[in-house]
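The structure appears below as structure tokens.
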Amino acid sequence: MPDEQDNSQQVAQATTATGTISITRDPANGALRYELEGWGQSSADDAGTSLASYIHAIFGLLSQTRAKDILLIGCAGGTLATMLTRAGRMPVLVDIDPLSFDLARQHFHLPDSVPCHAADGAAFLRDTERLWDAIVLDAFVGKEIPSHLLTADFFALARRRLAPGGALFANVHVKHDFDTNADQVAKAMR
């Protein structure tokens, strides 16, 4: 079987301190893709709704809570923030790369009403006293979560910033059923 040809069209490209960001559009369906160093970070339809199943899973879990004030650590295309805003929630985005906010607003329909803070997620939590109904960790540089965001110290800090009854969600990649990465994250959370 011949290799499928990638007909995606380059929409934007920028090099930042975290690497090269590429925004491409699939001409067949208009879907946008946000990549950092060649690794997919966001995918959305032309209205800004995520096409990633894990984003819908996190959105569904958050929808089952009373969480109103939600801190999202990691932006990329900002699709979860867009969907939460449309559902009447109040997300706040934190990302180490300020360009991600501009790209999310320009290409992925991130609402102007979503507050965005250019900062490291751990530093942001240390510098605020605000309590959150939920915190979502979805920060990747390429294919990896920065190691300091996977430590017991980070999760203890996140717990101190959760309102009573608050919830913490983390997007963790696993390579296969026997990959212990998620177990290691759960151990650090404990």
Side-chain angles (χ1 to χ4, degrees), residues 6 8-26 31-44 48 50-52 54-55 58 70-85 90-130 132 134-158 160-161 168-175 181-182 184-185 188-189:
D6 181 8
S8 59
Q9 302 165 339
Q10 187 77 33
V11 174
Q13 186 167 9
T15 300
T16 69
T18 56
T20 299
I21 299 169
S22 294
I23 310 292
T24 57
R25 180 180 308 280
D26 182 334
L32 285 170
R33 182 169 169 88
Y34 181 115
E35 292 183 351
L36 176 60
E37 289 298 304
W39 291 92
Q41 305 284 313
S42 288
S43 180
S50 180
L51 298 175
Y54 83 93
I55 291 293
I58 294 171
I70 303 167
L71 178 64
L72 306 176
I73 300 174
C75 176
T79 56
L80 182 56
T82 298
M83 292 166 57
L84 288 168
T85 300
M90 296 170 39
V92 171
L93 276 167
V94 174
D95 196 287
I96 195 87
D97 194 338
L99 183 60
S100 65
F101 308 129
D102 296 335
L103 293 170
R105 290 192 200 288
Q106 184 177 1
H107 300 289
F108 291 86
H109 301 277
L110 179 67
D112 289 337
S113 63
V114 175
C116 297
H117 301 274
D120 171 78
F124 182 84
L125 286 174
R126 274 193 301 275
D127 293 342
T128 187
E129 293 295 320
R130 184 172 175 182
W132 306 91
I135 298 172
V136 177
L137 174 62
D138 188 15
F140 285 81
V141 176
K143 66 176 184 172
E144 302 292 331
I145 300 172
S147 59
H148 71 285
L149 298 179
L150 296 174
T151 64
D153 288 342
F154 171 77
F155 290 118
L157 175 60
R160 289 193 302 273
R161 296 299 179 258
L168 174 64
F169 299 90
N171 174 23
V172 180
H173 288 191
V174 292
K175 295 175 186 167
N181 193 26
Q184 292 169 356
V185 173
M189 284 180 160

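Position 1 is the first residue of the sequence; numbering continues from there. As the structure is a computational prediction, the values presented were derived from the model and not from experiment.
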Please report the closest heavy-atom contact between Leu149 and Ala122, naming both atoms and the distance.
CD2-N, 3.8 Å

Taking all non-hydrogen atoms of both residues into account, name the closest pair between Gln41 and Ala76 and its distance.
CB-CB, 3.5 Å

Main chain of Val11, side chain of Arg25: is a donor-acceptor contact present, judged purely on distance under 3.5 Å?
no

Between CZ on residue Arg126 and CZ on residue Arg161, distance to nearest 0.5 Å:
10.0 Å

Would you sort out whether Asp138 and Leu72 count as a side-chain contact (heavy atoms from CB on, under 4.5 Å), showing the intermediate values?
CA-CA 7 Å; Asp138 188 15; Leu72 306 176; over 6 Å; no

So do the side chains of Leu36 and Asp97 get within less than 4.5 Å of each other, counting heavy atoms only?
no

If you compare all heavy atoms of Thr82 against all heavy atoms of Leu110, which two are closest, and at what distance to 0.1 Å?
OG1-CA, 3.4 Å

Side chain proximity check, Thr18 to Leu99, heavy atoms < 4.5 angstrom
no

Side-chain heavy atoms of Arg130 within contact of Leu71, under 4.5 Å:
no

Heavy-atom closest contact (Phe108 atom, Ala44 atom, distance)
CD2-CB, 3.7 Å

Is it true that the side chains of Thr24 and Ser22 contain a donor and an acceptor less than 3.5 Å apart?
no

In terms of heavy-atom contacts, Val114 and Ala81 come closest through CG1-CB, 4.3 Å

Does the side chain of Ile135 reach to within under 4.5 Å of the side chain of Ile73, using non-hydrogen atoms?
yes

Correct closest heavy-atom pair for Ser113 and Thr85 would be OG-CG2, 4.0 Å

Can you tell me how far apart CD1 (Ile96) and CG (Asp120) are? Round to the nearest 0.5 Å.
4.5 Å

Is a side-chain N or O of Thr128 found less than 3.5 angstrom from the main chain of Phe124, in a donor-acceptor match?
no

To the nearest 0.5 Å, atom CG of Asn171 lies from atom CD1 of Ile58 at 5.5 Å

Nearest 0.5 Å please: distance from the CD1 atom of Ile21 over to the OH atom of Tyr34.
3.5 Å

Any donor and acceptor pair, going by atom type alone, linking the side chain of Gln10 with main-chain N or O of Ala12 inside 3.5 Å?
yes

So, does Arg33 use its side chain to make a donor-acceptor pair with the main chain of Ser42 at under 3.5 Å?
no

Please round to the nearest 0.5 Å and tell me the distance separating atom CG of Leu168 and atom CG of Leu137.
7.0 Å

Main-chain N/O of Thr20 paired to Glu37 side chain as donor or acceptor, under 3.5 Å:
yes

Separation of Cys75 SG from Asp95 CG (nearest 0.5 Å)
5.5 Å

